[in-house]
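The structure appears right after this line, and notes come after that.
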Amino acid sequence: MSLMRFAGTGLIRSRLRLCLFTGLVCTALASTAALPPVNQPPSLHESFASRFAIGFGTEVTSGARMDLVHRHASIVTCENSLKPGALRAEPDVWNWEKADAWLAWTESLGKTPIGHTLVWGYMQPKWLLERIAAGKMDATSVLRWQDDHIRTVLARYGERIRIWDVVNEALADGPDDAYLRNDPWANLCGEAYVIEAFRSARAAAPRAHLRYNDYNLEQPAKRARLLRLLKQLEAAGCRPDSVGIQGHWTLKGPPASEVEAAIIEINAAGYSVDFTEIDVSIYAWIAGANLQEPRNETATPPGYQTLPDELQAQLTERYREVFRVFVKHADKIGRVTFWNVDDGSTWLNVWPVRGRPNHPLLFDRQQQPKPAFWAVLGEAETCLPTTTR
Ligand code: GLA
């Protein structure tokens with residue numbers, strides 16, 4: 001196996017050398033005619049095409065960042081503009097402009113768009129959460145609002161966006177007995193909101209691929225809650241098409257063995273798995289960090305402006321080990337999406353500590369591939385049938 005991997009890496013290197021050589025020759029021969037860039041590393045999505053789709057979660061980008069999306073992704077998830085808080089920042093007003101622009105951009109690149117997310121109880125529009133907190137809405141009116149929201153979004157985009165995260169992050173974390181996350185939506189409606197969300201989405205877009213999406217599903221306690229939720233959804237006739245594991249990980253965890261256990265167990269329950277928001281923070285998680293409240297940089301040590309070699313090596317190994325698991329279980333995985341494109345655009349530069357540089361992705365701030373990129377690509381190569389090497 002290790003010999004095969006070595007052979008695969010060698011193949012990548014020789015391909016790259018060929019690309020560079022071809023690039024030099026073409027540059028020498030070309031006059032002013034525009035040639036496609038030939039001195040590029042292999043495309044991630046093409047390299048994994050026989051196993052699973054590869055994508056990025058991003059808003060509209062341009063320049064070198066857009067080139068990365070174009071080259072390495074076949075799917076693109078809308079990072080923010082389709083969230084309820086973005087579409088409906090104010091009562092009775094729909095803000096479609098950014099979502100329209102994102103969809104047009106994604107289509108113009110020839111990529112498959114993924115809608116994210118129809119419902120996110122923890123991050124619903126602020127004004128709506130305030131109304132609920134003030135006791136002005138009961139469960140019935142919340143569910144009516146949600147149904148109207150889902151049907152309106154799918155009426156506009158359902159024909160063009162065929163893959164949707166229907167509900168994001170409904171489940172509780174931690175080892176205690178809580179089932180659902182402590183958020184206003186769940187506290188008012190219980191699991192009925194998840195069931196009704198899938199019912200509404202299925203009715204409005206019968207042919208769409210509908211996902212349940214959450215984080216920490218590698219942890220057995222949270223996964224047990226997921227399996228309970230899936231059973232409830234099945235019993236209600238509202239089965240999702242797949243489960244999304246976000247994959248916001250760190251250098252330290254979760255262990256690849258837990259990622260593997262999650263894939264196997266969710267698949268055994270009858271669901272394929274998508275990894276929907278992968279990144280690997282080089283810092284440890286801060287307990288109790290809250291998405292709505294990033295801390296200021298001064299609150300902690302300032303972090304690394306550039307990635308020290310030792311952490312670069314750890315990042316590379318981390319990506320290698322999880323992609324080895326992905327490739328091993330490729331028959332159970334539909335899509336793998338990185339959350340943001342390169343280290344310059346990652347949300348982890350502003351959360352959980354505002355202004356602390358992070359380096360969690362395969363491409364650096366100059367949009368150049370990092371060693372982790374080559375490690376990931378090496379995993380694609382290891383399993384090519386010998387005849388195609
Ligand atoms: C969660 C959400 C994403 C995004 C990230 C932070 O994982 O699902 O949409 O907001 O947090 O960027």
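A side-chain contact (heavy atoms from CB on, under 4.5 Å) with His359 is found for exactly one of Lys370, Gln305, Gln312, namely Lys370. Here the options are Arg324, Arg51, Arg320, the test is side chain to side chain donor-acceptor pair (under 3.5 Å), and the partner is Glu379; only Arg324 passes.
Taking CG of Asn182 as the start and CG of Asn187 as the end, the distance is 4.5 Å to the nearest 0.5 Å. Annotation: the span from Phe56 atom CZ to Asp342 atom CG amounts to 8.5 Å, rounded to 0.5 Å. How far CG of Asp100 is from CG of Leu82: 9.0 Å, rounded to the nearest 0.5 Å. In this structure, the separation between CH2 on Trp374 and CG on Leu362 is 11.5 Å, given to the nearest 0.5 Å. Put simply, SG on Cys189 and CE on Met137 are 8.5 Å apart, with the number rounded to the nearest 0.5 Å. Distance check: Asp241 CG to Ile163 CD1 gives 10.0 Å after rounding to the nearest 0.5 Å.
With contacts defined as side-chain heavy-atom distances shorter than 4.5 Å, the pair Ile150/Glu196 does not qualify. You'll find the side chain of Ile266 reaches within 4.5 Å of the side chain of Ile245, heavy atoms only. With a 4.5 Å cut-off on side-chain heavy atoms, Tyr212 and Leu226 count as touching. For the pair Lys252/Gln314, a side-chain contact is recorded, criterion being any heavy-atom separation below 4.5 Å from C-beta on. Residues Phe326 and Val273 are not in side-chain contact: their nearest non-hydrogen atoms beyond the backbone lie 4.5 Å or more apart. Within the 4.5 Å cutoff, side-chain heavy atoms of Ser81 are placed close to those of Glu59. In this structure, the side chains of His209 and Arg335 come closer than 4.5 Å at one or more pairs of heavy atoms. Put simply, the side chain of Tyr193 reaches to within 4.5 Å of the side chain of Val167, judged on heavy atoms.
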Residue pair Tyr157, Trp96: steps toward the ring pair (Phe, Tyr, Trp, His ring centres under 6.0 Å) verdict: CA-CA 11 Å; Tyr157 297 125; Trp96 299 111; 5.6 Å; yes
side-chain hydrogen bond (donor to acceptor under 3.5 Å, both in side chains) between Gln246 and Asn168, intermediate numbers included: CA-CA 10 Å; Gln246 291 183 359; Asn168 199 33; 3.2 Å; yes
Ser345 vs Asn340, side-chain hydrogen bond (donor to acceptor under 3.5 Å, both in side chains): CA-CA, chis, key distance, verdict: CA-CA 6 Å; Ser345 60; Asn340 307 125; 5.1 Å; no
Audit row: Phe275, Val322, side chain to side chain contact (heavy atoms under 4.5 Å, CB included) steps and yes/no: CA-CA 11 Å; Phe275 286 87; Val322 292; over 6 Å; no
Working for side-chain hydrogen bond (donor to acceptor under 3.5 Å, both in side chains), residues Asn349 and Thr346: CA-CA 6 Å; Asn349 290 327; Thr346 171; 5.4 Å; no
Working for side chain to side chain contact (heavy atoms under 4.5 Å, CB included), residues Lys111 and Trp105: CA-CA 9 Å; Lys111 308 301 174 191; Trp105 174 78; over 6 Å; no
Verdict with supporting geometry, Asp214 and Lys222, side chain to side chain contact (heavy atoms under 4.5 Å, CB included): CA-CA 10 Å; Asp214 214 325; Lys222 189 153 181 179; 3.2 Å; yes
Test side chain to side chain contact (heavy atoms under 4.5 Å, CB included) applied to Val341 and Leu361, step by step: CA-CA 7 Å; Val341 182; Leu361 295 168; 5.9 Å; no
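Hydrophobic clustering, with ILVMFWY side chains joined whenever heavy atoms are under 4.5 angstrom apart, groups Leu109 together with Leu103. Transitive grouping of hydrophobic side chains (ILVMFWY, heavy atoms separated by less than 4.5 Å) keeps Val350 and Trp339 in distinct clusters. The same ILVMFWY cluster, assembled from side-chain heavy atoms under 4.5 Å apart, contains both Trp249 and Ile263. Cluster membership for Val153 and Trp127, using ILVMFWY side-chain heavy atoms within less than 4.5 angstrom, is shared. Both Trp164 and Ile195 belong to a single network of hydrophobic side chains, linked directly or stepwise wherever heavy atoms of I, L, V, M, F, W or Y lie under 4.5 Å apart.
When all heavy atoms are compared, the tightest approach of Phe323 to Ile54 is CE2-CD1, 4.3 Å. The two residues Ala178 and Arg225 come nearest to each other via the heavy atoms O-NE, 2.8 Å. Scanning all heavy atoms of the two residues, the minimum distance from Leu210 to Ala201 falls at CD1-CB, 4.0 Å. Nearest heavy atoms, Pro369 versus Pro41: CG-CG, 4.1 Å. His72 and Pro42 make their closest contact through CE1-O, 3.2 Å (heavy atoms, listed as atom of the first residue, atom of the second, distance). Between Leu180 and Gly190, the closest heavy-atom pair is CD1-C, 3.4 Å.
Around the CG atom of Asp331, the shell of radius 6.0 Å holds more than 12 heavy atoms that belong to other residues, nucleotides or ligands. Residue Lys98 qualifies as open at atom NZ: its count of foreign heavy atoms under 6.0 Å is 12 or below.
Between Arg151 and Asp147 there is a salt bridge, since at least one side-chain N of the basic residue sits less than 4.0 Å from a carboxylate O of the acidic one. Using a 4.0 Å cut-off between charged nitrogen and carboxylate oxygen, Lys231 and Glu234 do not count as a salt-bridge pair.
The aromatic rings of Trp145 and Trp185 lie perpendicular to each other, with more than 60° between the two planes, well past the 30° mark. Note on ring orientation: taking the six-membered ring where Trp is involved, the planes of Tyr319 and Phe338 are tilted (angle from 30° to 60°). Using cut-offs of 30° and 60° for the angle between ring planes, the Phe48 and Phe52 rings count as parallel. Using the six-membered ring where Trp is involved, Tyr283 and Tyr304 have ring planes that are parallel, under 30° apart on the 30 and 60° scheme.
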Which atom pairs, one a donor and one an acceptor, fall under 3.5 Å between side chains of residues 112-122 and the rest of the protein, sequence neighbours left out?
unit_1, atom_1, unit_2, atom_2, d
His116, ND1, Asp165, OD2, 2.8
Thr117, OG1, Val119, O, 3.3
Thr117, OG1, Asp165, O, 3.2
Trp120, NE1, Glu169, OE1, 2.8
Tyr122, OH, Asn290, OD1, 2.9
Tyr122, OH, Leu291, N, 3.3

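Counting only N and O atoms by type, the side chains of Thr276 and Asn213 include a donor and acceptor under 3.5 Å apart. Counting only N and O atoms by type, the side chains of Glu79 and Trp347 include no donor and acceptor under 3.5 Å apart.
When the side-chain contact (heavy atoms from CB on, under 4.5 Å) test is applied to Asn267, the partners found at least two apart in sequence or on another chain are Lys332.
Taking the ring centre of Tyr271 as origin, the terminal cationic atom of Arg211 falls outside the region bounded by 6.0 Å and 45° from the ring axis.
A donor-acceptor pair is defined here as one N or O able to donate and one able to accept, closer than 3.5 Å; no such pair exists between the side chain of His45 and the backbone of Gly55. A donor-acceptor pair under 3.5 Å is absent between the side-chain atoms of Arg354 and the main chain of Trp351, judged by distance alone.
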